[in-house]
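Heads up: the structure comes next, in structure tokens.
Chain letters run A, B, ... following the sequence lines, proteins first, then strands; residues in each count from 1.
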There are 2 protein chains.
Amino acid sequence: MFVKKDTHKVAMLVYPDAQILDIAGPLEVFARTSRWLTLQGHYSAQAYTIELVAEKQGLVKTSGGLAMQAGQSFASFTGCDTLLVTGGIGFSNAMQNEVILRWLQAQRQNCERLGSICTGALVLAAAGILDGHAATTHWEYLQLLAANTKNCEVRNNVLFVQSDNIFTSAGVTAGIDMALALVEQDYGKSVATAVAEQLLLERRRGATQPQKSRFLEAEKRTDRFGDLQLWILQNLAGNLTVNSLAERMAMSSRHFARQFKEHTDVTVADYINQVRTEEALRLMETGVSSHKDIARQSGFSSEQHLRRALQRHSVGAIQNSR
Amino acid sequence: MFVKKDTHKVAMLVYPDAQILDIAGPLEVFARTSRWLTLQGHYSAQAYTIELVAEKQGLVKTSGGLAMQAGQSFASFTGCDTLLVTGGIGFSNAMQNEVILRWLQAQRQNCERLGSICTGALVLAAAGILDGHAATTHWEYLQLLAANTKNCEVRNNVLFVQSDNIFTSAGVTAGIDMALALVEQDYGKSVATAVAEQLLLERRRGATQPQKSRFLEAEKRTDRFGDLQLWILQNLAGNLTVNSLAERMAMSSRHFARQFKEHTDVTVADYINQVRTEEALRLMETGVSSHKDIARQSGFSSEQHLRRALQRHSVGAIQNSR
């Protein structure tokens with residue numbers, strides 16, 4: 001099962017005001033995998049090594065104020081198997097740094113896999129590396145990514161994207177999910193899942209899961225509609241007609257429907273349909289339930305209704321403006 | 001709403017072979033909250049500052065091989081509001097380092113809040129700080145924590161514990177959830193949730209959620225029972241009798257029940273009851289569903305059955321051996 005014999009070198013490109021969790025999350029996944037495989041006695045060599053590379057060797061200050069040591073400079077770097085570019089508010093300066101962009105372009109042919117976390121995608125974009133590919137980034141920066149790429153399918157509602165050998169991930173913790181997907185490609189699902197268990201994740205999230213969490217969206221609200229949305233999310237398989245929800249809120253149906261739209265910018269029917277479709281997609285990802293079960297669990301009245309909802313739902317891409 | 005005027009200082013105690021994600025996860029939460037509050041214009045001063053403190057100032061190598069800069073030494077450190085102790089395989093050396101232990105004891109009266117991530121709890125324990133308190137740590141180290149404390153209620157199935165002003169969290173990513181709970185105490189729920197959204201979490205996990213994920217446990221299995229467990233987790237509200245599950249597996253009921261127990265170390269009935277109870281607890285945490293709704297969603301046939309299951313379920317504590 002563990003066929004790889006050579007150590008896989010992972011490097012992360014860092015720059016001033018990079019984001020520390022963008023760096024630490026994915027790199028911890030690789031480091032922990034390496035340790036886990038050794039402890040299990042599966043693998044005597046190191047499965048992965050990790051290192052930070054920066055324009056100049058030495059301390060790099062991250063956006064929260066802590067400093068990390070870049071062990072490699074562009075000059076000393078001799079290549080790696082997977083090169084990831086961190087995100088963080090320093091990305092906009094990095095996008096204008098010709099030395100970084102030229103170096104990245106040169107790595108293109110050197111690395112088996114190239115990737116980014118969060119706004120690191122903007123740095124790859126500035127180097128022209130995402131042109132002609134599909135990609136994603138943190139939900140706040142999707143338009144900017146579209147504006148800085150040519151012919152790039154910017155996906156706006158996914159956690160990470162593989163396009164040939166280029167992997168881009170949404171913000172911060174999505175980098176952990178993407179790194180686990182890379183470990184799965186290298187060592188299989190049970191290793192990736194064991195490492196997720198070590199890191200105390202509750203679930204591994206797949207590429208197509210939405211970036212904006214419905215749970216957090218509802219919890220963030222300070223009005224009564226937040227509690228209602230949370231309740232809906234917990235009762236997807238229940239009776240969610242406008243009338244029954246209006247009754248729950250002690251409003252007339254007409255008043256409720258109007259108020260819901262006003263407070264949440266979406267109609268009740270659309271909201272329920274969207275969250276049911278997203279839940280169905282999540283259930284489908286594990287591949288163990290039939291469409292009939294999934295329809296029931298996510299609250300669709302039939303497989304046919306589920307199928308129609310899935311057809312209407314699309315991951316969505318932002319049009320390039322240049 | 002944002003009443004705090006002073007900057008809240010968060011410090012993390014680090015040592016050689018500390019774990020990088022234990023450090024970066026929680027500290028990113030505080031740094032990001034600070035940034036978010038400033039960007040929203042809610043708060044002009046910095047809400048939080050973060051810093052690393054080590055026995056000696058300078059580079060500290062983390063367990064994956066990367067080095068971080070400890071900006072403060074014990075000698076230069078002038079105190080903070082929240083002091084957290086990182087985990088990582090270096091914890092066992094740190095437990096025997098008298099300089100660290102004495103320093104920690106001295107901070108006891110200095111800090112408003114004291115806490116740990118992962119095996120950082122063992123270092124707090126070695127300093128005697130957890131004696132007489134409730135605490136937790138990474139699921140692999142719970143027994144060791146019990147053996148190294150006096151009169152400590154070691155909770156074995158929770159993500160984090162508050163005991164007076166001492167906060168201990170389970171492994172790695174649970175530190176992120178604990179930090180968000182601290183932010184909630186300081187700035188309210190909507191701020192904590194907005195920061196979780198920035199970090200792309202799917203949900204904020206509460207203190208009482210189990211450390212071992214049922215989803216990962218099922219996914220890790222390479223036999224047919226893994227798929228069955230995943231299917232059960234997705235169909236908790238469905239018909240989960242031994243007969244129907246046996247039929248699904250194309251086995252006789254008796255053979256299925258025996259095989260399930262043999263492969264998973266738990267009877268089918270116990271497994272289903274446990275996962276339904278855990279789901280009910282999760283649903284209860286948000287406080288928006290009635291017990292009747294929760295019973296239905298988690299698959300209990302009545303509120304009474306749910307209540308009985310909750311009574312039987314306990315968070316569980318490990319007995320101290322000394």
Side-chain angles (χ1 to χ4, degrees), chain A residues 19-21 23-25 27-28 30-32 35 49-52 59 63-69 71 138 159 170-174 189-190 193-194 196-205 209 211-213 215-217 219-220 222 227 230-231 234-235 237-238 283 286 288-289 293 296-297, chain B residues 19-21 23-25 27-28 30-32 35 49-52 59 63-69 71 138 159 170-174 189-190 193-194 196-205 209 211-213 215-217 219-220 222 227 230-231 234-235 237-238 283 286 288-289 293 296-297:
Chain A
Q19 185 146 341
I20 195 162
L21 191 48
I23 301 168
L27 292 188
E28 174 84 54
F30 295 110
R32 197 71 175 232
R35 199 169 115 204
T49 58
I50 57 175
E51 58 186 3
L52 299 189
L59 286 179
S63 57
L66 303 182
M68 297 187 71
Q69 172 82 352
H138 191 286
L159 283 186
V172 208
T173 57
K189 189 172 166 180
S190 61
T193 310
E197 212 170 35
Q198 290 282 330
L199 301 177
L200 262 89
L201 299 187
E202 198 209 334
R203 307 189 196 193
R204 286 181 55 203
R205 299 182 292 182
Q209 287 194 27
Q211 292 196 15
K212 286 271 237 171
S213 157
F215 290 93
L216 298 182
E217 196 183 64
E219 274 182 35
K220 223 177 48 177
T222 49
D227 279 356
L230 270 182
W231 186 85
Q234 293 180 2
N235 289 276
L283 294 172
T286 55
V288 296
S289 284
D293 286 333
R296 185 172 42 74
Q297 277 298 98
Chain B
Q19 184 144 340
I20 195 161
L21 191 48
I23 303 168
L27 293 188
E28 175 83 54
F30 295 110
R32 197 70 175 234
R35 200 170 115 204
T49 57
I50 57 175
E51 57 186 5
L52 299 189
L59 285 179
S63 57
L66 302 183
M68 296 186 71
Q69 172 82 352
H138 191 287
L159 283 186
V172 208
T173 57
K189 189 172 167 181
S190 61
T193 310
E197 212 171 35
Q198 289 282 329
L199 301 177
L200 262 91
L201 299 187
E202 198 209 335
R203 307 191 197 191
R204 286 181 54 203
R205 298 182 294 181
Q209 288 194 25
Q211 291 197 17
K212 285 273 239 171
S213 157
F215 289 93
L216 298 182
E217 194 183 65
E219 274 183 36
K220 223 176 49 177
T222 49
D227 279 355
L230 270 183
W231 185 85
Q234 294 181 359
N235 289 276
L283 293 173
T286 55
V288 297
S289 283
D293 285 333
R296 185 173 40 75
Q297 277 298 98

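Closest approach of A:I20 to B:A24, counting heavy atoms only: CG1-CB, 3.9 Å. Between B:Q198 and A:V172, the shortest heavy-atom distance links the atoms O-CG2, 3.7 Å.
Distance alone, capped at 3.5 Å, places no donor-acceptor pair between the B:H138 side chain and the A:L200 backbone. In this structure, the side chain of B:T193 does not engage the main chain of A:L216 through any donor-acceptor pair within 3.5 Å. With hydrogens and angles disregarded, a donor-acceptor distance shorter than 3.5 Å links the side chain of B:E28 to the backbone of A:L21.
Once rounded to the nearest 0.5 Å, the distance linking CD of A:E217 with CD of B:E197 reads 7.0 Å. Note: A:W231 CH2 to B:D293 CG = 5.0 Å, rounded to the nearest 0.5 Å.
For a residue to count as touching a neighbouring chain, one of its non-hydrogen atoms must lie under 4.5 Å from one of that chain's; by this rule A:T49 does not touch chain B. Using a 4.5 Å cut-off between heavy atoms, A:A31 touches chain B through its side chain atoms alone. The parts of A:L199 that come within reach of chain B are both its backbone and its side chain, each placing non-hydrogen atoms under 4.5 angstrom from that chain.
The residue among B:R296, B:Q69, B:K220, B:R32 with the most heavy atom pairs within less than 4.5 Å of chain A is B:K220. When each of B:M68, B:Q211, B:R203 is checked for heavy-atom pairs under 4.5 Å with chain A, B:R203 comes out on top. Your options are B:G65, B:G64, B:G171, and the one with the most heavy-atom pairs under 4.5 Å with chain A is B:G171.
For B:E202, the salt bridge (charged side-chain N to carboxylate O under 4.0 Å, His left out) partners are A:R282, not counting sequence neighbours. Shown here are the salt bridge (charged side-chain N to carboxylate O under 4.0 Å, His left out) partners of B:R35, two or more places apart in sequence or in another chain: there are none.
Inspection of the B:Q234 and A:Q297 side chains reveals no N or O donor paired with an N or O acceptor under 3.5 Å.
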